[in-house]
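Everything on this sheet refers to the single structure shown next.
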Amino acid sequence: MSQSIRTRFAPSPTGHLHIGNARTALMNWLAARHFGGRFILRIEDTDRERSTEASEQSILGDMAWLGLDWDEGPDKGGEYGPYRQSERLVFYQEIREQLIASGHAYPCFCTAEDLEARRQEQLGRGEQPHYDGRCRHLSAEEKIRFETAGRQPSTRFHVQKESVSFRDLVKGEITVQKEALSDFVIVRPDGMPMYNFACMADDHHMAISHVIRGDDHVSNTHRQILMYEALQWEIPEFAHIPMILGQDRDRLSKRHGATSVTQFQEAGYLPDALLNFLSLLSWSSGSGEEILSRDRLVQEFGFDRVSRSASVFDTEKLDWMNGVYIREKTDFDTLARLALPFFRQAGYPVNDAAAARPVVRALQSKMEKLSEIGDKARIFFLDEAVPEDNEAAETINGAEPQAVFRAFLSATEGLPAWDSQMFMTVMKQIQQSTGIKGKGLWMPVRVALTGQMHGPELGPVTEILGLDLCRRRIQQAIG
RNA sequence: GGCGCAUUCGUCUAGUGGUCUAGGACGCCGGCCUCUCACGCCGGUAACACGGGUUCGAUCCCCGUAUGCGCUACCA
């Protein structure tokens, strides 16, 4: 399978890109890149009620943000298009007829109401609800009667095999008996295909070699295999990846906080960090390492290292990992560019990445998420550095702090240039001239300059502030 | 309910029938560093769901139980 594998990510455009789907997309992307194959993006919009153009745009945008590039898709075409199911209706129609002709499918005139009523009956008798197959043997007259009455039939697949099994690339052999699979609908009365049918048909037509998806699809697999066999099509490889759970071990949902890629982006996570974190859910590197670049992820990916059990999404670990990426895995230009929106959002006068850069650099080791910029960068844009609390206020009052301030003003008077280095030199001078050192020297300056007891290293802070602002704030601190 | 899948520290995970007194990471706790807070470094805490087998020996193999999740749609 190292030759020309083809994988696909097939989201339905009914909302933002969910984090679980993003992980599925990632696995497909990794497999394609690892084996030197192609990664296809297909839009499954057969649910007309819920599918929207805006969702499709949003999902494409989130994929791009994560850096999961696709080789074929609705926006860029490819030789197996179209890549939107709603544009592939003729294919399904054709296959439907083929299946009917070969006796593998039949029209079903039961209405949704009939079906629901019978389901309730079965349930009431304590039976397992399943389609009773009554339209399987409709006579020609009965069909005509229904049709002339204007009833549009759905199309059902006739399950005939006693059992179906397949070998999953991560879960191993999975078998299911016929009883679990009653005749299922493959095409709705309005001609729109159902998921299982369209998915199978497209996977075949798009020459997908490896179907990689969440393990909530394992039971769909048997139905799809039945159809592949009926059509005498080659069956692709299947790999079912375990689910991602919330902290309460329930399926990850809105209740658990951020669940869409968009939300993580807005919360200040870096795409590479999110990607790295996602890769470690139900997969691990043979090296035991966890901070893995995209290239290494691609290089080391393998189905044999995917675990079979679900994993809990641990936001605290993601936060830590994002911090690692902020402070050591991202170059300053990229970081500044990604940070820019957060300066804007906070209303700070930072108009381009170049302006953001020094601030980001000063804050780098102090934040795990870029969204912390709003809070942590405030000290650089204050009109006045007012002590934030009593403790801070006390720090700048008293003979020693005041002496330090006066020394600072005289040491910086008329200085032609100003940077972090100069500041350090000045501080050394003050220490010598006043004899004050350590916290007694630094803390008053810190509070005078920022109003806070805690914050970034003072050197970079003073450089960003500039000499004038520094002198003004020190001046203001003199009581 | 039925069917399917799963079960190693709180969480993500490594691991093999004996090398496991079970390894790493996050978190947490303690220490060091230090102008503060962080960062970094060092150390500590903590797990093989339970019960039967198989075996000289099971975390690792088999069966059962429990628990969790998924599916059971004219959703995807």
Side-chain angles (χ1 to χ4, degrees), chain A residues 10-14 21 44-47 49-51 85 108 110-112 115-116 119 123 126-131 152-156 168 171-172 174-177 179-182 184-190 192-196 198-199 213-223 240 242-243 245 247-251 277 280-291 305 307-321 323-324 327-328 363-368 376 395 427 437-447 450 452-459:
Chain A
S12 53
T14 55
N21 288 137
E44 307 217 326
D45 55 352
T46 54
D47 185 341
E49 318 264 282
R50 301 193 297 150
S51 298
Q85 291 189 325
C108 171
C110 299
T111 63
L115 259 16
E116 183 53 28
R119 160 182 301 279
L123 248 21
E127 291 171 16
Q128 271 191 69
H130 65 278
Y131 179 65
Q152 288 294 311
S154 60
T155 306
R156 279 182 192 272
D168 190 271
K171 304 238 176 202
I174 303 175
T175 305
V176 102
Q177 301 302 314
E179 294 72 59
L181 278 11
S182 56
F184 52 94
V185 173
I186 57 175
V187 179
R188 297 177 173 90
D190 67 0
M192 285 303 268
M194 293 293 290
Y195 165 74
N196 271 314
C199 174
R213 74 231 301 198
D215 71 7
D216 48 339
H217 285 288
V218 293
S219 55
N220 287 322
T221 309
H222 299 93
R223 293 191 179 87
H240 288 95
M243 300 273 87
L245 277 20
Q247 290 82 340
D248 54 5
R249 298 213 139 264
D250 203 354
R251 188 193 204 133
F277 179 74
L280 259 21
L281 260 22
S282 293
W283 178 85
S284 62
S285 160
S287 71
E289 290 172 61
E290 304 201 306
I291 302 297
R305 293 206 63 86
S307 77
R308 290 148 310 265
S309 52
S311 52
V312 172
F313 191 93
D314 182 2
T315 307
E316 287 192 329
K317 186 158 182 174
L318 202 213
D319 287 352
W320 162 77
M321 190 171 280
V324 171
R327 78 183 84 94
E328 47 189 88
L363 259 25
Q364 196 175 210
S365 69
K366 328 202 83 68
M367 57 182 179
E368 292 188 316
K376 299 223 159 72
T395 304
M427 288 300 277
K437 58 181 179 175
K439 292 182 192 182
L441 169 66
W442 293 85
M443 290 309 284
V445 175
R446 171 174 294 287
V447 173
T450 70
Q452 301 175 357
M453 298 291 289
H454 308 302
E457 241 182 284
L458 279 178

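In what follows, chains are A, B, ... by sequence order, proteins preceding strands, each numbered from 1. Keep in mind the model is a prediction, meaning the values are calculated, not measured.
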Give a yes/no on whether any side-chain N or O of A:Arg249 is located under 4.0 angstrom from OP1 or OP2 of B:G70.
no
Which part of the nucleic acid does A:Thr14 contact within heavy-atom distance under 4.0 Å: base, sugar-phosphate only, or nothing?
nothing
Using a 4.0 Å heavy-atom cut-off, does A:Ile174 contact any base of the nucleic acid, only the sugar-phosphate backbone, or nothing at all?
sugar-phosphate
Would you say A:Trp320 stacks on B:C26, if stacking means ring centres under 5.5 Å apart and planes within less than 30 degrees?
no
Expressed as a whole number of Å, how far does the P atom of B:G10 sit from that of B:C5?
27 Å
For B:C3 and A:Arg223 - does any side-chain N or O of the residue sit under 4.0 Å from the phosphate oxygens OP1/OP2?
no
Short side-chain N/O contact to B:G40 OP1/OP2 from A:Arg327, under 4.0 Å:
yes
Base, sugar-phosphate or nothing for A:His130? Non-hydrogen atoms, less than 4.0 Å.
nothing
Are there more than 12 heavy atoms of other residues, nucleotides or ligands under 6.0 Å from atom CD of A:Glu457?
no
Under 4.0 Å, heavy atoms only, any strand: does A:Arg213 hit a base, just the sugar-phosphate, or nothing?
nothing
Please state whether the phosphate of B:C75, meaning OP1 or OP2, lies under 4.0 angstrom from any side-chain nitrogen or oxygen of A:Arg188.
yes
Contact under 4.0 Å: A:Arg119 side-chain N or O vs B:A73 OP1/OP2
yes
Interatomic distance, A:Tyr195 OH vs B:C71 P [rounded to whole Å]
11 Å
Are A:Phe184 and A:Tyr131 close enough that their ring centers fall under 6.0 Å?
no
B:C71 and B:C29: how far apart are their C1' atoms, nearest whole angstrom?
44 Å
For atom C1', what is the distance between B:A14 and B:A25, given to the nearest Å?
11 Å
Pick the C1' atom in B:G15 and in B:U67, then give their distance to the nearest Å.
24 Å
If you measure from the P atom in B:G40 to the same atom in B:G52, how many Å do you get, rounded?
47 Å
Going by modelled atom types, is there a donor-acceptor pair between the base of B:A76 and the side chain of A:Asn196 at under 3.5 Å?
no
Side-chain N or O of A:Arg251 versus OP1/OP2 of B:G70: is the shortest distance under 4.0 Å?
yes
Determine the contact category for A:Ser219: base if any of its heavy atoms lies under 4.0 Å from a base atom, sugar-phosphate if only primed atoms, P, OP1 or OP2 are that close, otherwise nothing.
sugar-phosphate
Any strand, both distances under 3.5 Å, Watson-Crick or G-U wobble: B:G17 pairs with none
Once you apply a heavy-atom cut-off of 4.0 Å, does A:Met453 come out as touching a base, just sugar-phosphate, or nothing?
base
Name the nucleic acid region contacted by A:Leu115, choosing base, sugar-phosphate or nothing; use a 4.0 angstrom heavy-atom cut-off, strictly under.
base
With a 4.0 Å cut-off on heavy atoms, is A:Lys366 in touch with a base, just the backbone sugar-phosphate, or nothing at all?
base
Base, sugar-phosphate alone, or nothing: which one does A:Asp250 contact when heavy atoms must sit under 4.0 Å apart?
sugar-phosphate
Spacing of the C1' atoms in B:G23 and B:U59 (rounded, Å)
13 Å
Are A:Ser309 and B:C69 close enough that a side-chain N or O sits under 4.0 Å from OP1 or OP2?
no
Pairwise C1' distance for B:U7 and B:A49, with rounding to whole Å:
7 Å
Ignoring hydrogens and angles, answer whether the base of B:G24 and the side-chain atoms of A:Glu290 contain a donor-acceptor pair closer than 3.5 Å.
yes
Base of B:C35 paired with side chain of A:Arg446 (donor-acceptor, under 3.5 Å):
yes
Whole-Å distance separating the CG atom of A:Asn220 from the P atom of B:C75
13 Å
Any A:Ser284 side-chain N or O less than 4.0 Å from OP1/OP2 of B:A14:
yes
Think A:Arg308 has a side-chain N or O under 4.0 angstrom from the OP1 or OP2 of B:G70?
no
For the C1' atoms, the ones on B:G31 and on B:C50, what distance do you get once it is rounded to whole angstrom?
40 Å
For B:C74 and A:Thr111 - does any side-chain N or O of the residue sit under 4.0 Å from the phosphate oxygens OP1/OP2?
no
Does A:Lys439 get its side chain close enough to the base of B:C35, under 3.5 Å, for a donor-acceptor pair?
no
OP1 or OP2 of B:U72 less than 4.0 angstrom from a side-chain nitrogen or oxygen of A:Ser182, does that happen here?
no
Assign A:Glu457 to base, sugar-phosphate, or nothing according to its heavy-atom contacts below 4.0 angstrom with the strands shown.
base
